[in-house]
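Below is one structure, written out as structure tokens, with a few remarks after it.
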Amino acid sequence: MLQQTPVARVEPIWTDWMARWPTPSAFAAASRADVLRAWGKLGYPRRALRLHAAAAVIATEHGDAVPADVDELEALPGVGSYTARAVLAFGHGRRAPVVDTNVRRVVARAVHGAGDAGPARTRADLADVDALLPADDATAAVLSAGLMELGAVVCTARAPRCGDCPVIAACAWQAAGRPAYDGPRKAAQGFAGTDRQVRGRLLDVLRAATDPVDRATLDAAWSDAAQRDRCLHSLLVDGLAEQHDDGRFALPV
DNA sequence: TAGTCGTGGGT
DNA sequence: TACCCAAGACT
């Protein structure tokens, strides 16, 4: 849920989610339609399906217990380098280099003296953070949480609060006079008018409907017919929607 | 590896 | 107002 999504928006949904589905097997038994409705407007709904699929794997292949092994975790749908190590560190209290957008920024500044992180260098990023971690599991896990929290609360992207920073004395960026970031800027994403917006509109209609909807109902969600059809097709391909025998559309069973 | 995939709050 | 950005993963 937290992938590319602010903590404050995730928290209430996560709380309800865990009360409703306290175990992987309980969650795996839910229908995809129920999962997508519970996911609501968190965004990137394919994450919900991947989480659902991961729960099924955990239930059937791992005895309903979340694995404590990087490779087993990364083999789960939707679990990549960051999530696998975050589960290890925060779920299992293990020593694991947790590299998210916050940690990348903290390391870029405090260690490398740069204004910001720039493009990901996966291997080097992992090595940078690994070098910061103490040997013992419990302390390393706490430091991992601290690095993330520092980036999220103090060493922020826009206006870092260096006056409140506990490691300002050791910060290479501070020592260098806080030079502005000069590396390549990631291309602005844009949203209005994109397929992502259209897919969101279409899925919004399906989530709100208690019964399957006909094509005309979906037509009302977006005026450009070609783009609408393309996006509807992509939702079907992604398993986020299904077409029934009578031609109507609904969330997947 | 560069593009794609939602959504909403902050500036 | 238009961006920027947010506990990334996958292709």
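Counted by atom type alone, A:D136 and A:T139 present one or more donor-acceptor pairs between their side chains at under 3.5 Å.
No engagement by A:L203 is indicated, since no non-hydrogen atom pair under 4.0 Å with the nucleic acid exists. Within the nucleic acid shown, A:F191 comes within 4.0 Å of at least one base atom, counting heavy atoms only. Residue A:R207 is classed as a sugar-phosphate contact, given heavy-atom separations below 4.0 Å to backbone atoms only.
With sequence neighbours excluded, the residues that form a side-chain contact (heavy atoms from CB on, under 4.5 Å) with A:A33 are A:S31, A:R37, A:L251. Remark: A:Q3 pairs with A:R47, A:T83 by the side-chain contact (heavy atoms from CB on, under 4.5 Å) rule, at least two apart or across chains. In this view, A:P12 satisfies the side-chain contact (heavy atoms from CB on, under 4.5 Å) rule with no residue, not counting sequence neighbours. Under the side-chain contact (heavy atoms from CB on, under 4.5 Å) criterion, A:L143 pairs with A:L133, A:P134, A:L147, not counting sequence neighbours.
Annotation: B:dG6 and C:dC4 have their C1' atoms spaced 16 Å apart (nearest Å). Remark: the separation of the P atoms in C:dA9 and B:dG9 is 24 Å, to the nearest Å. For B:dA2 and C:dA7, the C1' atoms lie 23 Å apart once the distance is rounded to whole Å.
Applying the ring pair (Phe, Tyr, Trp, His ring centres under 6.0 Å) test to every pair with at least one member in residues 99-137 of chain A, sequence neighbours left out, gives no pairs at all. Pairs passing the salt bridge (Lys or Arg N to Asp or Glu O under 4.0 Å) check and including a residue from residues 153-167 of chain A, sequence neighbours excluded, read A:R161-A:D164. Listed by first and then second residue, the ring pair (Phe, Tyr, Trp, His ring centres under 6.0 Å) pairs that reach into residues 8-57 of chain A are A:W17-A:W21, A:W17-A:F27, A:W17-A:W39, A:W21-A:F27, A:F27-A:H52, sequence neighbours excluded. Residue pairs meeting the salt bridge (Lys or Arg N to Asp or Glu O under 4.0 Å) criterion with at least one partner in residues 86-97 of chain A, sequence neighbours excluded, are A:R95-A:D130.
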Acceptor/donor pairs from residues 167-178 of chain A side chains to any protein atom, 3.5 angstrom cut, sequence neighbours excluded:
unit_1	atom_1	unit_2	atom_2	d
A:W173	NE1	A:P179	O	2.8

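When DNA chain B is scanned in the 5' to 3' direction for atoms under 4.0 Å from non-hydrogen atoms of chain A, the outermost contacting nucleotides are B:dC5 to B:dT11.
In summary, A:D128 and A:R121 engage in a salt bridge, as defined by a charged side-chain N under 4.0 Å from a carboxylate O.
Residues from residues 128-142 of chain A with heavy atoms under 4.0 angstrom of DNA chain C: there are none.
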One character per nucleotide, please: for nucleotides 4-11 of chain C, 5' to 3', B when the base has a protein heavy atom closer than 4.0 Å, S when only the sugar-phosphate does, - otherwise. BSBBBSS-
